[in-house]
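Below is one structure; the comments refer to it alone.
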Amino acid sequence: MSNQANLTIGDQAFPLNVIVGTEDEHALDISTLRKDSKFITYDDGYGNTGSCESSITFIDGDKGILRYRGFDISELAEKSNFLESCLLLFNGELPTTSAIENFKLQVSSMSALPADVESMIESMPSTTHPMGILGAALQALGGSFPKLSTNTRPADVESFDEAAALILGAIPSIAAKHYRSSRNESIPSRRGNHNYCENFLHMMFGNEDGQSIDPAVSNALDLIFLLHADHEQNCSTSTCRMIASGGANAFASLAGAVSALWGPLHGGANMAVIKMLNEIHSAGDDGSQFIQSAKEGKSRLMGFGHRVYRNYDPRAKILKSACDQALTALGVESPILDIARNLERSALQDEYFIQRKLYPNVDFYSGIILQAMGFPTDMFTVLFAIGRAPGWLSHWKEIATHGKRIHRPRQIYQGSIHRPYIELGNR
Ligand code: CMC
């Protein structure tokens, strides 16, 4: 294929460079189009817009492929773990044993929250959603470590490894601190031999007796985090990159990403799935009435559909079987799991969903596992955020080291044209 395309507007031709990605994706470079032609391009919701060149994650939505730094998600799910995948995402290569061990130690040593951050969490209005707490606490964490959050690019890049370890260590502690405080409980003392997920589960549900954590449960949580670790230019990651492009530090950029993730069409979908399944269950429906109402546009089948995947989300496939294993290990019978299976079966055979290429996404089964582990529903999106933090951090680093200019889309103005001000008495 030629490395140039021509756009014809009226009788004028405008040559456009073709950018070819390493996986043979093709893009028209329109960066000089406005200067050359006075035209901008219009793409509501950015469905057809490449906002950057990135070397972190590759998705082929038609084939259902997801790779971190070239490694297939199914292979990473089988052979890697969350913290190893974090280093892979940050640095581009699989880490050595000593790099992994150092990183584990660093993350673990930075997981205790500064006292000011703990007091801030305690003093937030009691009705604040855990995602609101997380965003605010990340800003407070940056404030507690001014040397890691200078908003001076070279200094922030220099301290990236430390900031990243701090953020990964602190986010589970923020989540657990808020959960415990809201129940007037304190976090039990840390146990030195716990790994990342065991420590989080201990902070959430353990006690001073330090009963052992079922490895099936901590492994399932580790898998959920790994599967969420990055997903290229989604809403929250694009938000993180947008904030970073203005020169903001990683803490501020991640706080913004947390807000973007919160919504029910993005990370909030895992909460919405459980709400939907519970409502179907209490209505005595096996899912068929709900499918009908989704087809009529009266409701949305949460956990289904994806902007990029027009095939089975590979993460949902892995989580579906992890869900069966985790529930067996926990000895939990879940009536809503049967409803979820029914919904999936019916939707995959239904013309409405087939035609629109709507398949289960990562959120369809993750909430069922998290609920069985004992996490309250309003924390599900925080768990998504813990998993996605390395992705946001990797994108922050990519912008900070390779970003060229501040992100600033254009618009087509469709408002009132110029008009004179009307004095108050004449309105
Ligand atoms: N249930 C019923 N119909 C749907 C659904 C759904 N879940 N998703 C899309 N559609 C329909 C939609 O109504 C439209 O129909 P029509 O062509 O007749 O107007 C068609 O499918 C195309 O949908 P769209 O809204 O244009 O697709 P989008 O790419 O803008 O939205 C989405 C993607 C994920 C926001 C959407 O599929 C959705 O709302 N899904 C439910 C929420 C959800 O599970 N979100 C988690 C996404 S994965 C994790 C993450 O990245 O956060």
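Note that ligands are numbered from 1 as they come in the structure, with each ligand's atoms numbered from 1 the same way. A quick note: this is a predicted structure, and the numbers were derived from the prediction, not measured.
- In this structure, Lys317 is positioned above the aromatic face of Tyr312, its NZ or CZ under 6.0 Å from the six-membered ring centre and within 45° of the axis.
- Geometrically, ligand 1 and Ala294 share no nitrogen or oxygen pair separated by less than 3.5 Å.
- Using a 4.0 Å heavy-atom cutoff, Asp363 is listed among the residues neighbouring ligand 1.
- The environment of Glu333 atom CD is sparse: at most 12 non-hydrogen atoms of other residues, nucleotides or ligands sit within 6.0 angstrom.
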Next item on the list: Evaluate the side-chain contact (heavy atoms from CB on, under 4.5 Å) criterion for residues Phe353 and Lys295: first the C-alpha distance (whole Å), next the side-chain angles of each, then the deciding distance (0.1 Å), finally the verdict.
Entry: CA-CA 8 Å; Phe353 293 89; Lys295 285 161 60 174; 4.0 Å; yes
Next item on the list: Let me see the working for Thr49 and Asp43 under side chain to side chain donor-acceptor pair (under 3.5 Å), right down to the final yes or no.
Entry: CA-CA 7 Å; Thr49 293; Asp43 179 22; 2.5 Å; yes
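- Annotation: cation-pi geometry not satisfied between Arg300 and Phe304 (NZ/CZ under 6.0 angstrom from ring centroid, within 45° of ring axis).
- Looking at Arg307, His266, Lys298 and measuring to atom 52 (O) of ligand 1, the nearest heavy atom belongs to His266.
- Per-atom contact check: atom 2 (C) of ligand 1 touches the protein, criterion being a heavy-atom distance below 4.0 Å.
- Looking at ligand 1, you'll find an N or O of Leu301 within less than 3.5 Å of one of its N or O atoms.
- Protein heavy atom in closest approach to atom 47 (C) of ligand 1: Asn361 ND2, 3.6 Å.
- The existence of a salt bridge linking Arg341 and Asp324 is confirmed by a sub-4.0 Å separation between a basic side-chain nitrogen and an acidic carboxylate oxygen.
- His231 has its ring centre no less than 6.0 Å from the ring centre of Phe384.
- The option from Leu358, Val273, Leu265, Asn270 that lies nearest to atom 4 (C) of ligand 1, judged by heavy atoms, is Leu358.
- For atom 13 (O) of ligand 1, the protein comes within 4.0 Å by at least one heavy atom.
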Next item on the list: Take Phe39 and Leu7 through the side-chain contact (heavy atoms from CB on, under 4.5 Å) test and state the conclusion after the steps.
Entry: CA-CA 11 Å; Phe39 277 75; Leu7 174 69; over 6 Å; no
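- Below 3.5 Å of separation, one finds no N or O of Ala269 facing any N or O of ligand 1.
- Close contacts between ligand 1 and Gly267 involve ligand atoms 52 (O) [criterion: under 4.0 Å to a heavy atom].
- Protein heavy atoms are found inside the 4.0 Å sphere centred on atom 8 (N) of ligand 1.
- Nearest non-hydrogen protein atom to atom 40 (N) of ligand 1 is Phe304 O, 2.9 Å.
- By the 3.5 Å distance cut-off applied to N or O atoms, Asn234 is not counted among the residues near ligand 1.
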Next item on the list: Check the pair Leu383, Ile224 against side-chain contact (heavy atoms from CB on, under 4.5 Å), reporting the backbone distance first and the verdict last.
Entry: CA-CA 9 Å; Leu383 289 143; Ile224 291 179; 5.9 Å; no
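- Aromatic ring pairs are classed by plane angle as parallel below 30°, tilted from 30° to 60° and perpendicular above 60°; the pair Tyr179 and Phe205 is perpendicular.
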Next item on the list: Evaluate side-chain contact (heavy atoms from CB on, under 4.5 Å) for His395 paired with Ile399, printing each intermediate quantity in order.
Entry: CA-CA 6 Å; His395 285 270; Ile399 285 277; 5.7 Å; no
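- Aromatic ring centroids of Phe82 and Tyr196 lie under 6.0 Å apart.
- Considering backbone and side-chain N/O of His231, none are found under 3.5 Å from N/O of ligand 1.
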Could you tabulate the donor-acceptor pairs under 3.5 Å formed by side-chain atoms of residues 165-178, not counting sequence neighbours?
unit_1: Ser173; atom_1: OG; unit_2: Ser111; atom_2: O; d: 2.6
unit_1: Ser173; atom_1: OG; unit_2: Gly169; atom_2: O; d: 3.4
unit_1: Lys177; atom_1: NZ; unit_2: Glu122; atom_2: OE2; d: 2.6

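- For atom 15 (O) of ligand 1, the closest heavy atom belonging to the protein is Arg356 NE, 3.2 Å.
- Here's the thing with Ser299: none of its N/O atoms is less than 3.5 angstrom from an N/O atom of ligand 1.
- Not a single N or O atom of Arg315, backbone or side chain, sits closer than 3.5 Å to an N or O atom of ligand 1.
- Less than 4.0 angstrom separates atom 19 (O) of ligand 1 from none of the non-hydrogen atoms of the protein.
- Of the N or O atoms in Gly303, one or more lie within a sub-3.5 Å distance of an N or O in ligand 1.
- For His407 and Ser51, the side-chain atoms include no donor-acceptor pair closer than 3.5 Å.
- Remark: atom 24 (P) of ligand 1 lies closer than 4.0 Å to no protein heavy atom.
- Ranking protein heavy atoms by distance to atom 11 (C) of ligand 1, first place goes to Tyr352 OH, 3.5 Å.
- The closest protein non-hydrogen atom to atom 48 (S) of ligand 1 is His306 CD2, 3.4 Å.
- In this structure, atom 42 (C) of ligand 1 lies nearest to the protein heavy atom Met302 CE, 3.5 Å.
- Contact between Phe364 and ligand 1 is absent, with no heavy atom of the residue lying under 4.0 Å from the ligand.
- Among protein heavy atoms, the minimum distance from atom 32 (C) of ligand 1 is reached at Arg300 NH1, 4.5 Å.
- Annotation: atom 34 (C) of ligand 1 to nearest protein heavy atom, Gly305 O, 3.7 Å.
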Please tabulate, for the side chains in residues 363-380, all donor-acceptor contacts under 3.5 angstrom to protein atoms that are two or more places apart in sequence or on a different chain.
unit_1: Tyr365; atom_1: OH; unit_2: Glu344; atom_2: OE1; d: 2.3
unit_1: Ser366; atom_1: OG; unit_2: Val362; atom_2: O; d: 3.4

